[in-house]
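Worksheet: one structure, shown below.
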Amino acid sequence: MVKVAVIGASGYTGAELARLIQLHPQFELTHLYVSAGSVDKGKPLAQLYPNLIGTVDLPLLPLDEMALAQLGNQTDAVCLALDHLISAELAPKLLALGLVVFDLSGGHRFADASVYSNFYGFEHPAPELLTTAAYGLAEWQAERISAANLIAVAGCYPTASLSALKPLKQAGLISDGSRPVINAVSGVTGAGRKATINNSFCQVSLTPYGVLGHRHQPEIELQLDHEVVFTPHLGAFKRGILATITVQVPNGTTAADIDAAYSCYNDSSVVQLLPTGQWPKIDDVANTPNCLLSWKLDAERGVLVVVSAIDNLLKGAASQALQCMNIRFAVESGL
Ligand SMILES: NC(=O)C1=CN([C@@H]2O[C@H](COP(=O)(O)OP(=O)(O)OC[C@H]3O[C@@H](n4cnc5c(N)ncnc54)[C@H](OP(=O)(O)O)[C@@H]3O)[C@@H](O)[C@H]2O)C=CC1
Ligand SMILES: CC(=O)N[C@@H](CCC(=O)OP(=O)(O)O)C(=O)O
């Protein structure tokens, strides 16, 4: 059994990940942590999430210096379901203890530290680590993930977008000089568990945010090696992301070319193509680890529309982290 602890376990992604690890036949969930001063320290996780009663019995422990120092003897891997800067500060300490670190935040997704000052609002505290991290988009980075001790689990919108776009890029089906246009809507759990005025029920409607400046635009561009225009939206539902992506394809592109590009997912149980004419819905992916894709081509005008749907807390975070853990420790799926 591989022993795993979760830090940030009372949050939305941490709680999902705790459940998935607990149910995995080859992982043992050892500890759940919150901050040293957390109002939830000492409470069983299942008190915060009663759907976990009988599944996860562990309490939320305060992560003080002593708990941190002991982790090296108590566990093999640690998952960070934390704010980006806190993750970036903790990761070097955990790696120094010999632990394998799976970071669900954006704290290690860029080799170039200047992205953190430009898009995240902080100077990265451990820039020397950034080139050692494997990007955790499971279907595309298995080789690097299997060899890394620091895995930067892919972002939620980037997962939806890249799952749709990478097969096209790989097949040369994105016109040179064009920028795919990604319009994506996320449910409110994407903003985390902490209450703010922007995620309060009566405030949420359907609106874009982060226009021409969201931190996921450079993440998508880096991993796609192609410029895009990305516009996120917040919608009045709990969980899920639906991305509608418009792509300019080269002259002469046929439906058979698109089919061939997406055949890379033929053996995937997670990323699945819907039959032509059937579009994914949020309800089809909420509470599942799947990414559902569907597309339509206007061959005459060279325009392709691809729709991609995921659960932001699962394929966009926790179940993707579990996929990465499966790859890193060479164990069976357990999803
Ligand atoms: N929500 C989503 O859809 C997605 C989120 N992510 C990323 O995953 C990370 C977690 O997100 P999410 O679950 O939504 O966040 P939440 O705000 O829901 O949870 C954050 C967790 O971190 C804990 N925490 C805060 N400070 C510390 C600390 N110093 N030490 C230990 N624990 C701490 C909080 O508990 P307490 O404050 O009580 O200590 C809580 O358990 C973020 O980086 C986010 O960007 C990635 C993909 C999707
Ligand atoms: C609806 C909402 O607020 N979504 C979050 C994205 C989710 C997230 O946590 O981003 P990472 O994947 O980079 O960690 C946002 O736009 O900041």
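Indexing begins at 1, ligand by ligand and atom by atom, following the structure's order. What's counted below: heavy atoms across the whole structure, side chains too, no hydrogens, waters or symmetry copies. Just so it is clear, the model here is predicted, and its values are computed rather than measured.
Under 4.0 angstrom from ligand 2, the non-hydrogen atoms of C156 come from both its backbone and its side chain. If you look at Q320 next to ligand 2, there are no close heavy atoms at all, none under 4.0 Å. Heavy atoms of N312 found under 4.0 angstrom from ligand 1 belong to the backbone as well as the side chain. At a 4.0 Å heavy-atom cut-off, ligand 1 touches T189 through the backbone alone. Contacts of H84 with ligand 2, taken as heavy-atom pairs under 4.0 Å, involve the side chain alone.
Heavy atoms of G155 come nearer than 4.0 angstrom to ligand 1 in no pair at all.
For ligand 1, the atoms closer than 4.0 angstrom to any heavy atom of L82 are 9 (C), 10 (C), 22 (O), 23 (C), 24 (N), 27 (C), 31 (C), 32 (N), 33 (C), 42 (C), 43 (O). Each of the atoms 1 (N), 2 (C), 3 (O) of ligand 1 lies under 4.0 Å from some heavy atom of L313. Less than 4.0 angstrom separates some heavy atom of G316 from each of these atoms of ligand 1: 47 (C), 48 (C). For ligand 1, the atoms sitting less than 4.0 Å from at least one non-hydrogen atom of A317 are 47 (C), 48 (C), numbered in the order shown with element in parentheses. Using a 4.0 Å cut-off to heavy atoms of I7, the atoms of ligand 1 that qualify are 31 (C). Atoms of ligand 1 found under 4.0 Å from any heavy atom of S105 (numbered from 1 in listed order, with element): 43 (O). Atoms of ligand 1 lying under 4.0 Å from at least one heavy atom of S10, given by number and element, are 34 (C), 35 (O), 40 (C), 41 (O).
Applying the 6.0 Å contact sphere to CD of E143 captures no more than 12 heavy atoms from other residues, nucleotides or ligands. Atom CG of N51 has more than 12 neighbouring heavy atoms from other residues, nucleotides or ligands inside a 6.0 Å radius.
At under 3.5 Å, not a single nitrogen or oxygen of S186, backbone or side chain, sits near a nitrogen or oxygen of ligand 2. Residue G190 places at least one N or O, backbone or side chain, under 3.5 Å from an N or O of ligand 2. Residue-to-ligand polar distances keep E219 apart from ligand 2: every N/O pair is separated by 3.5 Å or more. The shortest N or O to N or O distance between S35 and ligand 1 is below 3.5 Å.
Of all protein heavy atoms, the one lying nearest to atom 23 (C) of ligand 1 is G8 CA, 3.7 Å. For atom 10 (O) of ligand 2, the nearest protein heavy atom (residue, atom name, distance) is R215 NH2, 2.7 Å. When hydrogens are left out, the protein atom nearest atom 11 (P) of ligand 2 is H216 NE2, 3.3 Å; that is the closest non-hydrogen contact.
Using cut-offs of 30° and 60° on the angle between ring planes, the pair F102 and F329 is tilted. Between H124 and F122, the angle of the ring planes lies from 30° to 60°, which puts this pair in the tilted group.
In this structure, H214 has its ring center under 6.0 Å from that of F230.
Within 4.0 Å of atom 31 (C) of ligand 1, at least one protein heavy atom is present.
Summarising the contacts of atom 45 (O) of ligand 1 with E89, Q320, R193, H84, the nearest heavy atom is found in H84.
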